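So the structure is just underneath, and the comments pick up after that.
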Amino acid sequence: MIVNESKNFAVPISGPFSLTDTLNCGQAFRWFNDGEYWCGVAHSRFLALKFENGVLKFYNTTKLEYEHIWREYFDLDRDYNIILKTIGNNDILREAANFAGGIRVLRQEPWETLCSFIISQNNNIPRIKKIIGSLSETFGKDLGDGNFSFPSAETLARLSIEDLSPIRCGFRAKYILDAATKVASGDIDLNLLSSIPLDDARKELTRIYGVGDKVADCTLLFGLGHIEAFPKDVWIKRAMEKLFGGILPKEAIPYAGIVQQYIFHYARMTKLSL
DNA sequence: AGCCAGGGTCTGC
DNA sequence: GCAGACCATGGC
């Protein structure tokens, strides 16, 4: 991977922060570590990152792009210290946060998030990454540096099931096409969903064939800024039952989505002997 | 070989 | 409303 060392912008981070956990905790699927940098494509741009000595360094970008794109993408304006302090009143949440408190819940592009979590269903993370990479290389825009953007809804809406067969996404192909059609036509306006109540936004997303509550909530949490969304996958269901008897502690409710991510990562890393 | 993976739909009670 | 079959694919 070609990283332009001279073109960079650095930002100090206060409080717990882990680039590895943030990019590797199953909320985003296009990031990888090349041994020196964290690399990935978002917003049709190749970005490389490093975190050392409390400073987050962005390569292949500018201060202007940082201000307009990456600052929001990495959720750097939110005070996570307050969240960690609040949930720390609960012993179990504090333990989960000791494990996963370096995670930032990303704010990814809505269409990419929706499409990615459609692909995630009944699937495992390595294969989700593989399919999304293949989808991007096959139908995304060539950025000229060996990287590809995530294909737009408009691009995918023009395809057929057979066109999608090379990416090996199985039964999910028809779901992708229905989502692409509804988004590209304007039938569903993703950006609008960030500003309406969670329940209304979820109802709108589940109009898409193949999108249920879990995929909708992942889209709302990781792509549309609804940090009160609480996606329930198999890991979370088991962990919630074991840790809290199925009921989220009240301290966590305002930031349910962020806490969900802590619990997810904690459960997976410790395997929780479920 | 069989089970599972950041699920959802459809059918039958 | 809820249980169960079924859906493609690949790693273990």
Side-chain angles (χ1 to χ4, degrees), chain A residues 20-32 96 99-100 103-135 137-138 150 159-182 188 201-224 226-243 246 248 256-274:
Chain A
T20 299
D21 289 350
T22 296
L23 297 177
N24 214 15
C25 70
Q27 60 174 328
F29 303 102
R30 297 202 66 194
W31 296 96
F32 64 95
F99 248 88
I103 292 174
R104 294 293 187 272
V105 169
L106 302 175
R107 179 145 180 183
Q108 304 172 66
E109 295 160 277
W111 164 246
E112 177 175 341
T113 312
L114 170 61
C115 193
S116 296
F117 280 95
I118 287 173
I119 290 167
S120 81
Q121 69 173 262
N122 204 38
N123 213 341
N124 56 68
I125 290 176
R127 187 160 166 261
I128 296 165
K129 289 181 176 174
K130 197 169 177 182
I131 292 172
I132 290 172
S134 170
L135 179 71
E137 287 189 20
T138 310
F150 191 89
L159 304 178
S160 65
I161 302 274
E162 302 80 68
D163 292 331
L164 283 175
S165 63
I167 70 169
R168 313 291 293 164
C169 66
F171 62 86
R172 306 164 190 85
K174 53 190 182 290
Y175 302 157
I176 294 173
L177 294 186
D178 188 60
T181 301
K182 285 192 167 74
I188 291 184
R202 183 190 299 113
K203 193 168 288 182
E204 184 72 356
L205 284 174
T206 54
R207 287 175 47 222
I208 298 166
Y209 183 40
V211 174
D213 287 350
K214 195 273 176 181
V215 169
D217 281 337
C218 284
T219 305
L220 292 164
L221 175 59
F222 302 127
L224 288 160
H226 276 282
I227 65 153
E228 76 280 26
F230 194 87
K232 297 186 189 80
D233 73 316
V234 290
W235 284 94
I236 286 291
K237 284 175 185 166
R238 289 185 298 227
M240 285 297 295
E241 205 54 47
K242 174 137 184 164
L243 297 175
L248 188 67
I258 292 171
V259 174
Q260 187 269 7
Q261 205 50 30
Y262 294 163
I263 296 170
F264 179 76
H265 192 62
Y266 174 67
R268 284 170 54 87
M269 291 302 105
T270 62
K271 305 201 187 302
L272 266 184
S273 59
L274 299 165

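Naming: A, B, ... by sequence-line order, numbering from 1 per chain. These figures come from a predicted structure and were not determined experimentally.
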Exercise for review: With P as the reference atom in both, quote the distance from B:dG8 to C:dG11 in angstrom, rounded to an integer.
Suggested key: 24 Å
Review point. Is the ring of A:F264 stacked on the base of B:dG6, with centres less than 5.5 Å apart and planes under 30° off?
Key: yes
Point to revise | Verdict with reasoning, A:N123 to A:I131, per side chain to side chain contact (heavy atoms under 4.5 Å, CB included) | key: CA-CA 10 Å; A:N123 213 341; A:I131 292 172; 3.7 Å; yes
Review point. If you take all heavy atoms of A:L224 and A:R107, which pair is closest and at what distance?
Key: O-NH2, 3.8 Å
**Study point:** Nearest-angstrom distance, C1' atom, B:dC4 to C:dA8
**Key:** 14 Å
Review point. Who are the ring pair (Phe, Tyr, Trp, His ring centres under 6.0 Å) partners of A:F99, not counting sequence neighbours?
Key: A:Y266
Review point. For A:L106, what residues pass the side-chain contact (heavy atoms from CB on, under 4.5 Å) criterion, not counting sequence neighbours?
Key: A:T22, A:L23, A:Q27, A:A28, A:Y73, A:F74, A:Q108
**Study point:** A:D163: partners by side chain to side chain donor-acceptor pair (under 3.5 Å), with sequence neighbours left out
**Key:** A:S160
Study note, to complete from the structure: Whole-Å distance, A:K237 NZ to B:dG7 P, equals 9 Å
Practice item. Using whole Å, report how far CG of A:L114 lies from P of B:dG6. Key: 19 Å
Exercise for review: For B:dC3 and C:dA5, measure between their P atoms and round to the nearest Å.
Suggested key: 13 Å
**Study point:** Residues in contact with DNA chain B, drawn from residues 21-31 of chain A - heavy-atom cutoff 4.0 Å
**Key:** A:C25, A:G26, A:Q27
Check your understanding: How about A:L164 and A:L135: do any of their side-chain heavy atoms sit closer than 4.5 Å?
Key -> yes
Review point. Tell me: CG of A:D217 to C1' of B:dG8, nearest whole Å?
Key: 14 Å
Practice item. Enumerate the residues from residues 203-216 of chain A whose closest heavy atom to DNA chain C is under 4.0 Å, giving them by residue number; use none for an empty result. Key: none
Study note, to complete from the structure: Reading nucleotides 6-12 of chain C from 5' to 3' and marking B where a protein heavy atom lies under 4.0 Å of the base, S where only the sugar-phosphate is that close, and - otherwise, the string is -SBBBS-
Study note, to complete from the structure: Rounded to whole Å, CG of A:D233 lies from P of B:dC4 at a distance of 15 Å
Revision key, fill the gap. Applying side chain to side chain donor-acceptor pair (under 3.5 Å) to A:R202 and not counting sequence neighbours gives A:D199, A:D217
Point to revise | With A:Y209 via ring pair (Phe, Tyr, Trp, His ring centres under 6.0 Å) - residues at least two apart | key: A:Y175
Revision key, fill the gap. note: A:W235, atom CH2; B:dC4, atom P; distance rounded to Å ~ 12 Å
Point to revise | Rounded distance in Å - CD1 (A:I128) to P (B:dC4) | key: 17 Å
Study note, to complete from the structure: Taken to the nearest whole Å, CG/A:D178 to P/B:dT9 is 10 Å
Exercise for review: Using side-chain contact (heavy atoms from CB on, under 4.5 Å) as the criterion, list what pairs up with A:R207, not counting sequence neighbours.
Suggested key: A:K182, A:D187, A:I188, A:E204
Practice item. Report the residues that fulfil side chain to side chain donor-acceptor pair (under 3.5 Å) with A:E137, sequence neighbours left out, ordered by chain and then residue number. Key: none
Could you pull out all donor-acceptor pairs under 3.5 Å where a side-chain atom in residues 110-119 of chain A meets a protein atom, sequence neighbours excluded?
residue : atom : partner : partner atom : Å
A:W111  : NE1  : A:P151  : O            : 3.0
A:T113  : OG1  : A:E109  : O            : 2.6
A:S116  : OG   : A:E112  : O            : 2.6

Review point. Whole-Å distance between B:dC4 C1' and A:R268 CZ?
Key: 12 Å
Exercise for review: Return the set of residues passing side chain to side chain donor-acceptor pair (under 3.5 Å) with A:K129 (not counting sequence neighbours), or none when no residue passes.
Suggested key: A:N24
Check your understanding: If you measure from the P atom in C:dC6 to the same atom in B:dG2, how many Å do you get, rounded?
Key -> 15 Å
